[in-house]
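Before any comments, here is the structure.
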Amino acid sequence: MAQAHGWVKRYFKAFYKGFFVAVPVAVTFLDRVACVARVEGASMQPSLNPGGSQSSDVVLLNHWKVRNFEVHRGDIVSLVSPKNPEQKIIKRVIALEGDIIRTIGHKNRYVKVPRGHIWVEGDHHGHSFDSNSFGPVSLGLLHALATHILWPPERWQKLESVLPPERSPVVQSEE
């Protein structure tokens with residue numbers, strides 16, 4: 001009986017040691033390197049959630065790629081909502097700092113994106129709460145770069161950084 005008790009004690013000791021190493025490593029990985037997220041809503045259709053409310057895409061979000069705030073026109077990014085800091089939104093980068101963009105429904109017809117900001121829009125115009133509603137977004141709100149669709153399996157693919165030609169900035173700054 002004493003041997004069985006000693007084995008159980010060693011097992012739990014090894015488990016706790018592994019647990020207290022694995023949890024901080026996992027949390028750091030998910031916070032600094034990458035995580036997955038489910039995309040809800042129609043704002044990024046047809047790129048994400050093309051089936052509408054019947055399905056939700058699950059995407060890989062790469063935190064590491066945006067650690068120096070280096071994004072490009074056409075990238076799909078996750079960011080903290082400028083209107084609700086408890087919510088994350090996913091949008092396409094349309095313009096970078098210094099670019100002049102023709103807006104869709106913004107109070108100003110043309111906007112010059114200020115330093116340290118980006119202009120983001122959903123692919124499904126009219127069904128997207130984006131920079132046309134709240135203006136340029138601070139780079140400090142950037143959360144991650146969406147790189148792949150992981151779910152559903154038939155949609156597994158790398159997300160391409162494509163800027164729709166009709167949404168190109170009127171004047172582009174140097175990247």
Side-chain angles (χ1 to χ4, degrees), residues 30-53 55-150 155 157-175:
L30 293 173
D31 188 47
R32 299 287 176 205
V33 180
C35 66
V36 296
R38 187 169 53 120
V39 179
E40 297 175 350
S43 72
M44 286 301 293
Q45 286 179 344
S47 301
L48 300 172
N49 292 348
S53 60
S55 67
S56 290
D57 287 345
V58 175
V59 295
L60 178 65
L61 297 176
N62 187 326
H63 301 283
W64 193 255
K65 288 201 173 195
V66 297
R67 70 190 183 283
N68 295 324
F69 307 113
E70 293 175 15
V71 293
H72 305 282
R73 292 176 198 89
D75 285 350
I76 297 176
V77 296
S78 166
L79 51 126
V80 176
S81 170
K83 296 294 184 189
N84 180 2
E86 295 180 12
Q87 182 183 18
K88 297 237 175 30
I89 58 177
I90 190 162
K91 304 292 176 202
R92 187 176 303 276
V93 176
I94 301 298
L96 305 173
E97 61 182 39
D99 290 352
I100 297 175
I101 186 77
R102 185 174 44 253
T103 65
I104 303 172
H106 188 265
K107 61 184 176 184
N108 300 324
R109 179 105 171 108
Y110 295 93
V111 172
K112 182 175 182 180
V113 180
R115 184 174 180 193
H117 289 71
I118 54 176
W119 188 270
V120 296
E121 294 180 357
D123 288 353
H124 195 180
H125 302 294
H127 292 86
S128 179
F129 185 63
D130 54 27
S131 286
N132 288 298
S133 303
F134 46 72
V137 177
S138 170
L139 285 170
L141 296 178
L142 207 56
H143 176 248
L145 175 71
T147 59
H148 293 81
I149 297 175
L150 302 176
R155 291 205 14 89
Q157 62 183 300
K158 183 178 189 304
L159 289 169
E160 299 299 327
S161 181
V162 178
L163 183 63
E166 70 276 6
R167 295 307 301 140
S168 292
V170 177
V171 177
Q172 290 185 9
S173 66
E174 297 298 318
E175 278 191 58

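Bear in mind the structure is a predicted one, so any value in this text is a computation, not a measurement.
The environment of CZ in R67 is crowded: more than 12 heavy-atom neighbours from other residues, nucleotides or ligands sit within 6.0 Å.
Identified under the ring pair (Phe, Tyr, Trp, His ring centres under 6.0 Å) test for residues 76-95, with sequence neighbours left out: none. Counting only residues at least two apart or in different chains, salt bridge (Lys or Arg N to Asp or Glu O under 4.0 Å) contacts with residues 132-148 are absent.
Judged by distance alone, the side chains of E121 and N132 do bring a donor and an acceptor atom under 3.5 Å apart. A side-chain donor-acceptor contact under 3.5 Å links K91 and S43. The closest side-chain donor-acceptor pair between S161 and R92, if any, does not fall under 3.5 angstrom.
Distance OG1/T147 to CD1/I76: 10.0 Å, rounded to 0.5 Å.
A salt bridge is defined here as a Lys NZ or Arg NE, NH1 or NH2 lying under 4.0 Å from an Asp or Glu carboxylate O, and K65 with D75 fails to meet this definition. One finds no salt bridge joining K112 and D99 here, because no Lys/Arg side-chain nitrogen approaches an Asp/Glu carboxylate oxygen to under 4.0 Å.
For H127, the side-chain hydrogen bond (donor to acceptor under 3.5 Å, both in side chains) partners two or more places apart in sequence, or in a different chain, are H124.
Residues R167 and T103 share a closest heavy-atom pair of NH2-CA, 4.3 Å.
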Could you go step by step and tell me if L48 and I149 meet the side chain to side chain contact (heavy atoms under 4.5 Å, CB included) rule? CA-CA 8 Å; L48 300 172; I149 297 175; 3.8 Å; yes

